[in-house]
Colleague: 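Pasting in a structure now, in structure tokens, and then I'll have a few things to ask.
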Amino acid sequence: MEIYNHHKRLFTIALVFFLALTFFAAIIPAYQAQENNAPLPNSKPLTEQETLGKAIFVKEGCIACHTQQVRNVDMDKVWGDRPSIAADYAGNTRTDIWRNTANLLGSERTGPDLTNIGIRQPGKDWHLLHLYNPRSVSTGSIMPAYPWLFEVKENSNKNDIKVMVPNEFRQGIVGDIVATPEAMQLVAYLQSLKQTKLPDGKPVPIFLYPKPESKALAGSNNGSVELDGKSLYAVNCQSCHQENGEGLKGAFPSLKGSQIVLNDDPKTLTTIIMKGYNGRVSEGYGLMPAVGSNNNLKPDEVAAIMNHERNSWGNKARKVDPAEIKKIIDLIGK
Amino acid sequence: MIISQNPQKIKMKRYFTCFMMLLPAFSVQAASEQNSQSVLTNPGVLITIALILIPLLIVVYLAVVKVRNLVKKVRLREAIEQGNEILNALKDDDLNTLEQELIKRKAAVDYSLNDHELGGDLKAEDKKGLIHQVNEINTARFIPSKKRSTIRPKVDPALSRLVIWYLMSATFWLVLGTSIGEYLGIKFVSPDVDHISWLSFGRLRPVHTNMVFWGWCSLAMIGLGYYVVYTVSNTVVKSLKSAWYALWLINASVLIGSISLMAGINNAGGEYREYIWPIMLLFAIGLVITLFNYIQIIAKRTTKEIYISNWYIVSAAIFTVVITLVAYLPFWQNGLGETIAQGYYMHQGVGMWFMLFSLGLIYYFLPQQLNTPIYSYSLGILAFWTQILFYTVIGTHHFIFSAIPWWLQTTAIIGSMGMLIPVAAGTTNFLMTMKGNFHKIGSSYTLPFYLVGIVFYFSGSFQGTAEAFRSANLYWHFTDFTVAHSHLTMYGIIAFMLWAFIYTLVPRLTGKEPKHVLVGAHFWMAFIGLLFYTIPLMIGSTLRGIAWQEGQPFIDTVVTMAPYWLWRAIGGSLMWASHLIFAYNLYFMIRQTDDIDTQTAVFDQLKKIN
């Protein structure tokens with residue numbers, strides 16, 4: 001054929017063909033996504049501190065293992081209340097003259113998704129310990145440690161933020177381990193990662209491929225099928241209180257033998273799970289976030305967690321009933 | 001929510017477990033997950049049953065043999081009795097003729113050729129020097145000997161030097177880049193191996209990917225491209241000065257890029273475009289120079305038609321300029337635009353640069369090495385245009401179920417299915433070219449690399465299509481399955497093809513061959529290493545995907561992956577070691593010293609005596 005003997009014609013045709021498809025599949029959709037989009041009305045732009053933190057997130061290449069997108073499939077429900085939509089990323093613009101926009105959707109989930117980490121894990125103390133060495137709070141973790149975000153001081157002063165690193169992770173460091181401003185910026189960014197509520201009236205996108213409703217959920221109040229308290233504990237509580245329930249000395253209190261956990265009246269424990277707790281901050285322990293409310297735990301789920309806590313690690317207390325917990329939750333108000 | 005288990009899932013899991021049975025090394029893992037299942041599907045129980053069945057089967061076999069022997073004995077006795085009866089009935093005369101007949105018949109039945117019917121008494125002599133490879137069989141042949149590469153017309157020394165420098169640079173980046181990859185693999189098993197910011201996982205991962213992309217594959221391809229574009233244009237080399245500039249620009253880009261990534265300076269996250277634009281600009285200039293040179297050579301061709309290799313190679317360079325511009329120009333990169341551009345870029349990068357260019361190279365090298373024309377030009381044309389049509393639209397299949405417009409995701413999935421056409425056309429073309437030549441594979445040290453490249457071209461690309469389906473994506477997206485896939489393709493296809501081409505070309509340029517044993521070692525270590533790397537990762541990540549769907553706590557799914565990550569590190573070590581051998585082989589082919597050649601030495605001695 002003729003065109004295969006003329007290099008100018010052949011390569012021009014190939015280029016035009018490729019360019020046309022590129023416009024169709026990349027440039028036009030990208031331009032439209034950029035132009036016809038606006039951030040949600042109640043979304044908050046990042047503060048200066050949080051922006052600096054995002055820069056550290058980018059610098060350390062966290063995107064290699066952490067996504068920031070909740071897909072519209074059922075299995076992603078654990079990462080957010082609703083699927084991510086284009087408007088969630090609309091506020092992102094070019095970082096600076098050297099660097100591109102940082103949407104940070106990611107393509108690998110070696111570690112958990114971070115879209116909603118600010119709700120799931122709001123505690124500053126936990127984040128700092130976790131950044132200093134992830135294995136100090138989560139034994140199975142393979143996340144890198146970031147000790148260069150911390151410094152060692154012989155005598156830390158009042159304004160320094162000390163990190164209560166357990167002995168086996170101090171690697172012989174004697175002085176106080178203190179968070180640098182960079183560490184605080186990164187934590188501020190992580191705390192800022194929260195899904196914005198859709199404005200009233202806007203249709204909420206659904207999660208696809210739903211699991212068939214199981215009997216356990218339908219008739220939960222009858223207690224016919226008991227929820228797996230151990231798994232729920234692992235998802236919601238374990239990162240601080242640890243699998244063995246002993247917490248971490250000086251950071252997160254132990255649940256083993258705890259009077260609050262073992263109390264015959266589950267009211268205080270329910271309140272702490274739903275509302276958070278600051279009663280032991282003066283002892284050096286971290287502030288407990290309102291895990292139950294943040295993670296939308298239902299009464300039967302709270303009951304399952306409490307029964308796991310009350311009957312593990314040598315703890316022995318009577319089993320609580322979901323109906324009983326529901327009453328308490330209704331009473332204290334969500 | 002957490003305890004609910006879809007019955008279908010359980011079924012799937014059961015099938016999967018049966019599959020795992022075939023791989024006893026991994027079955028322990030599955031066994032621990034299966035305790036709630038029926039005993040009969042427990043792999044441990046199944047293995048035990050199989051083990052018990054083996055001796056039972058042997059007993060049954062032996063019994064059958066015994067019975068058969070007994071029957072035979074009985075029949076033999078009957079036959080003897082019958083023979084005696086016949087003999088008794090015959091007369092003496094009859095007996096004599098019968099004996100004669102029997103002796104004749106016996107001689108006829110026993111006749112066989114004595115192997116000397118067609119031979120002569122003369123001594124064998126090779127007067128015209130036709131025998132090249134004398135294969136002595138007086139020793140045990142632990143390693144079969146391979147054919148030597150055929151001597152080809154001399155290549156212009158200037159061109160030869162240029163190609164070798166491109167290949168040496170490429171090999172340097174291969175060894176360094178995969179050393180980093182190997183180290184990253186170790187970090188999955190031992191995350192506290194170091195606490196140095198420049199070596200932390202997040203910073204080092206893009207160093208590895210970019211180094212093997214832009215350093216190893218790209219430089220090797222461009223270097224080999226110079227030889228192919230010249231040769232098939234049948235023209236002479238004028239000046240290659242700018243090609244040297246391109247070489248240094250690309251090397252500089254990879255070097256500065258790697259250092260900047262380790263220092264924490266990156267382009268904000270998009271895979272393979274982590275280099276910031278001033279650094280990528282160096283690469284882009286090198287690319288434009290290369291493109292310009294190629295087109296100039298083709299413009300001066302002395303053949304009428306443009307050989308198919310050159311369409312692929314030049315188009316790859318043209319498209320990659322476009323792709324880089326789409327990725328780095330800032331006019332459509334705000335909001336979700338960045339992600340759409342990213343999807344387009346990361347997939348066009350692999351498909352339109354590495355794949356298209358390598359296909360161009362194989363259209364030259366494969367027929368050359370087999371000494372046969374390409375099977376079908378029309379299939380090549382079909383593959384070329386359909387590759388452009390389908391490949392260009394599939395980028396967003398990396399963001400299925402994300403906030404990217406649904407129609408664009410669907411387009412990408414359809415495009416991924418369409419890719420079966422060029423892949424099938426290409427594979428058919430290559431395999432049909434090999435048809436009738438498969439016997440050459442065993443006696444060649446380069447053809448195995450071609451074969452592996454072609455096989456992975458089919459299976460790796462097909463796997464990419466399967467991964468794009470929404471239902472399959474549910475299991476595999478975000479897991480290490482993607483990592484396994486990218487190694488099956490970038491390593492199984494591209495790297496294996498590049499090695500095939502290098503082992504074919506360099507002996508032609510320098511006249512020196514690598515040690516065949518070491519080429520074999522390179523081949524087997526890379527190949528087995530790749531299988532150890534990818535198969536466990538695919539199994540582990542499927543289990544992880546299932547666990548995610550069941551809603552298991554996330555940290556449990558990290559722990560699940562541990563043995564598979566260990567296997568990955570083991571496979572990776574084999575691959576890495578094979579690259580060291582490859583580097584030595586390349587050095588062996590291009591080193592300056594002369595080979596100690598017995599033949600020449602003997603002739604030299606003879607001359608002295610005379």
Side-chain angles (χ1 to χ4, degrees), chain A residues 4-5 7 11 14-15 17-18 21-22 25-27 29-31 33-34 37 58-64 67 69 71-73 75 84-86 89-90 92-95 98-105 107-109 112 138 140 142 144-145 147-148 211-212 214 216 227-228 231-232 234-235, chain B residues 1-4 6 188 191-192 195 197 200-203 205-206 264 266-271 276 298-299 304-306 311 314-315 318-319 322 326 330 332-341 344 388 392-393 395 398-399 401-403 405 408 411 474 478 548-549 551 553-555 558-559:
Chain A
Y4 300 121
N5 298 334
H7 61 274
F11 295 133
L15 174 63
F17 189 25
F18 181 67
L21 287 166
T22 297
I27 296 180
Y31 188 75
Q34 168 181 291
N37 224 339
V58 169
K59 176 182 176 184
E60 299 297 349
C62 306
I63 194 180
T67 53
Q69 49 167 322
R71 297 173 298 166
N72 56 349
V73 291
M75 62 194 279
S84 299
I85 55 173
Y89 308 97
N92 294 336
T93 52
R94 193 168 179 82
T95 310
W98 306 109
R99 277 167 295 194
N100 201 358
T101 314
N103 275 340
L104 303 173
L105 265 79
S107 58
E108 279 278 320
R109 217 174 248 174
S138 176
I142 59 153
W148 55 91
K211 279 185 205 152
S214 66
L227 292 172
D228 183 355
S231 281
L232 286 164
V235 171
Chain B
M1 183 171 85
I2 278 161
I3 54 143
S4 71
N6 183 342
F188 275 88
D192 283 317
H195 284 162
S197 64
S200 73
F201 184 86
R203 297 195 194 181
R205 184 181 188 268
N266 65 51
N267 195 28
E271 263 174 294
I276 54 172
I298 292 170
K304 184 163 173 263
E305 77 288 339
I306 308 163
W311 318 352
V314 172
S315 300
I318 296 176
F319 296 170
V322 175
V326 174
W332 41 75
Q333 308 270 8
N334 285 344
L336 212 54
E338 184 261 345
T339 308
I340 294 173
Y344 168 85
I388 300 176
T392 317
V393 300
H398 288 265
F399 294 101
F401 297 125
S402 77
L408 198 58
T411 311
L474 282 175
F478 293 145
W548 282 350
Q549 287 196 311
F554 190 86
I555 189 68
V558 176
V559 177

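Keep in mind the model is a prediction, meaning the values are calculated, not measured. The sequence lines fix the lettering, A, B, ..., with proteins before strands; numbering per chain opens at 1. Hydrogens, waters and symmetry mates are skipped; everything else that's a heavy atom, side chains included, is used.
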Colleague: Measure A:L15 against the heavy atoms of chain B and call it side chain, backbone, both or neither at under 4.5 Å.
Modeller: both
Colleague: Need one label for B:T411: side chain, backbone, both or neither, based on atoms under 4.5 Å from any heavy atom in chain A.
Modeller: side chain
Colleague: Any donor and acceptor pair, going by atom type alone, linking the side chain of A:Q34 with main-chain N or O of B:N334 inside 3.5 Å?
Modeller: yes
Colleague: Chain A heavy atoms under 4.5 Å from B:I388: which part of the residue, side chain, backbone, both or neither?
Modeller: both
Colleague: For A:I63, which atoms come within 4.5 Å of any heavy atom of chain B: side chain, backbone, both, or neither?
Modeller: side chain
Colleague: When heavy-atom pairs shorter than 4.5 Å are enumerated against chain B, which of A:V73, A:I85, A:L104 gives the highest number?
Modeller: A:V73
Colleague: Could you look at A:A90 and say if it's the side chain, the backbone, both or neither that has a heavy atom under 4.5 Å from chain B?
Modeller: backbone
Colleague: Heavy-atom distances under 4.5 Å only: say whether A:W148 touches chain B with side chain, backbone, both or neither.
Modeller: side chain
Colleague: Considering non-hydrogen atoms only, spot the tightest contact between A:R94 and B:P330 and give its length.
Modeller: NH1-CB, 3.9 Å
Colleague: Mark yes or no for whether A:T101, through its side chain, and B:Q333, through its backbone, hold a donor-acceptor pair below 3.5 Å.
Modeller: yes
Colleague: Relative to chain A, which segment of B:V322 carries a heavy atom at a distance below 4.5 Å: side chain, backbone, both, or neither?
Modeller: side chain
Colleague: Which bit of B:R203 is near chain A, if near means a heavy-atom gap under 4.5 Å: side chain, backbone, both or neither?
Modeller: both
Colleague: Heavy-atom distance under 4.5 Å to chain B: side chain of A:T95, backbone, both or neither?
Modeller: side chain
Colleague: With rounding to the nearest 0.5 Å, note down the distance linking OH in A:Y89 to OG in B:S402.
Modeller: 7.0 Å
Colleague: Is B:I555 close to chain A through its backbone or its side chain, or both, or neither, when contacts mean heavy atoms under 4.5 Å?
Modeller: side chain
Colleague: Tell me, out of A:A33, A:A145, A:P29, who's got the most heavy-atom pairs with chain B below 4.5 Å.
Modeller: A:P29
Colleague: With rounding to the nearest 0.5 Å, note down the distance linking CZ in A:R71 to CZ in B:F478.
Modeller: 4.5 Å
Colleague: Kindly say whether B:G335 contributes a backbone atom to a donor-acceptor pair with the side chain of A:N103 at under 3.5 angstrom?
Modeller: yes
Colleague: Kindly indicate whether the side chain of A:F11, heavy atoms from C-beta on, has any atom under 4.5 Å from the side chain of B:I298.
Modeller: yes
Colleague: Counting only non-hydrogen atoms closer than 4.5 Å, does B:F554 touch chain A with its backbone (N, CA, C, O), its side chain (CB onward), both, or neither?
Modeller: side chain
Colleague: Find out whether B:W548 and A:R109 are in side-chain contact, i.e. whether some heavy atom of one side chain is under 4.5 Å from a heavy atom of the other.
Modeller: yes
Colleague: Which atoms form the tightest heavy-atom contact between B:G202 and A:A64, and what is the distance?
Modeller: CA-CB, 4.4 Å
Colleague: Which of the residues A:S138, A:P112, A:P144 is involved in the greatest number of heavy-atom pairs with chain B at under 4.5 angstrom?
Modeller: A:P112
Colleague: Tell me, side chain or backbone of B:H398 under 4.5 Å from chain A's heavy atoms, or both, or neither?
Modeller: neither
Colleague: For B:A268, is there any backbone N or O sitting under 3.5 Å from a side-chain donor or acceptor partner on A:N100?
Modeller: no
Colleague: For chain A, find which of B:P405, B:G395, B:A299 contributes the most heavy-atom pairs closer than 4.5 angstrom.
Modeller: B:A299
Colleague: Is it true that atom OH of A:Y31 has more than 12 heavy atoms of other residues, nucleotides or ligands lying nearer than 6.0 Å?
Modeller: no
Colleague: Which atoms of B:Y344 are under 4.5 Å from chain A, going by heavy atoms: the side chain, the backbone, both sets, or neither?
Modeller: side chain
Colleague: So for A:T67, is it side chain, backbone, both, or neither that comes closer than 4.5 Å to the heavy atoms of chain B?
Modeller: side chain
